[in-house]
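Since the structure comes first, as structure tokens, the remarks are kept for the end.
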Amino acid sequence: MKNYDIYALGAALLDTEIEVSDADLNKFNIEKGVMTLVDEARQHELVSQLSEHLVHSKRSSGGSAANSVIAASYLGSKCFYSCKVADDSNGRHYLSDLSAAGVDYQQNNASEQGITGKCLVLITPDAERTMNTFLGISESLSTDEIDEQALAASTWVYLEGYQVTSASGRPAAIKLRELAEKNGVKTALSLSDPAMVEFFHDGLCTMIGSGVDLLFCNEAEALSFTKSETLEQAAQALKEVSKSYVITLGAKGAYVFDGHEHFHIEGQAADAIDTNGAGDMFAGCFLHSLCQGKDFKEAAKLANSGAAMVVSQYGPRLKAEQYKTLLNQA
């Protein structure tokens, strides 16, 4: 059995990006800056109406936790991803992408009939990303997709907060955390999206349980989750649910607690055109650094660099050679 640095569980989605205006979002009654679950018909309607705006038509394997482990794998970490795709062309393409990135997955994947999940990412001129997601077969991700041997052989388990919306995905995330704790594997969780925190607060608390080792969130999520008015208040409250945490601040960098001290890491300058995947890249770089024995300050610096690179282009992923450049800059 291989040893893994990071074992993650999350949605498997094929991304398509479309450039839109704020007026387009208003016209189609789409809430800006959050992830909204939609059915396939609604997704088709939006693609049809906005077809002339398409900016990234190449199928791109996504899903929040997937983006993170793919980044970590390209940087040199050994990763395993539990997900669910259908026996269709998109599903096979998705698994091929994972393999190309060096990410392992459960071998019975793509064995069921259905539709592989898809995410429509709408990018406004301010680089903000708004997601309309059709989960497809990912909605039935469950404890059946957990590989306990791979989990026990891992250093970190990483959970995406998006699983809180799923009747089967949330129990799977909870079981994965519990198995990790039983096996002495460190646990990390991302709050994922302001909408997840606003509408599924209690569910996220059950995923966190008595606490995780590392929590990722942005400032809006931190304030909402802790029901705080200031960043300082939120930072203190997060200590109740996690031994350490990172609050990302966009261009302003990140506010970090390593379990002993707080510190702020300055952001890196970037000509942002698409913030899709910035948080995912940050988490992937950060976890990779920790797996390499780096401290939280070094991890945050690499993570800020990775996030700055990914927002400077379309799509949530870097090209393989860009990861080498990223490591050389560290």
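It should be emphasised that the depicted structure is a prediction, and the values quoted were computed from it without experimental measurement. Values reported hereafter were calculated over all heavy atoms of this structure, with side chains retained and with hydrogens, waters and symmetry mates removed.
- With salt bridges taken as basic N to acidic carboxylate O contacts below 4.0 Å, one links Glu45 and Arg42.
- Judged by distance alone, with hydrogens and angles left aside, the side-chain atoms of Ser68 form a donor-acceptor pair with the main-chain N or O of Asp280 at under 3.5 Å.
- Of the N and O atoms on the side chains of Glu40 and Gln43, not one donor lies less than 3.5 Å from an acceptor on the other residue.
- Salt bridge status for Arg177 with Glu181: present, with a side-chain N to carboxylate O gap under 4.0 Å.
- A salt bridge is absent between Asp274 and Arg129: the closest approach of a Lys/Arg side-chain nitrogen to an acidic carboxylate oxygen does not fall below 4.0 angstrom.
- Using a cutoff of 4.0 Å between basic side-chain nitrogens and carboxylate oxygens, Lys84 and Glu139 are not scored as salt-bridged.
- Residues Gln313 and Gln322 bring a donor and an acceptor atom of their side chains to less than 3.5 Å of each other.
- A search for ring-ring contact (aromatic ring centres under 6.0 Å, His included) contacts involving Tyr323 returns Tyr74, not counting sequence neighbours.
- The closest side-chain heavy-atom distance from Ser21 to Thr124 is not below 4.5 Å.
- A salt bridge is defined here as a Lys NZ or Arg NE, NH1 or NH2 lying under 4.0 Å from an Asp or Glu carboxylate O, and Asp295 with Lys301 fails to meet this definition.
- With sequence neighbours excluded, the residues that form a side chain to side chain donor-acceptor pair (under 3.5 Å) with Tyr245 are His262.
- Listed for the Thr116 side chain is a donor-acceptor partner under 3.5 Å among the backbone atoms of Ala86.
- The pair Asp5-Lys78 does not meet the salt-bridge criterion, since no charged nitrogen lies less than 4.0 angstrom from a carboxylate oxygen.
- Taking OG of Ser190 as the reference point, atom CD of Glu160 lies at 8.0 Å (rounded to 0.5 Å).
- For Tyr105, there are no ring-ring contact (aromatic ring centres under 6.0 Å, His included) partners, not counting sequence neighbours.
- Of the candidates Val256, Ile265, Asp258, Val246 forms a side chain to side chain contact (heavy atoms under 4.5 Å, CB included) with just one, namely Val256.
- Considering Asp104, Val85, Val103 as possible partners of Leu98, the one that fulfils the side chain to side chain contact (heavy atoms under 4.5 Å, CB included) test is Val103.
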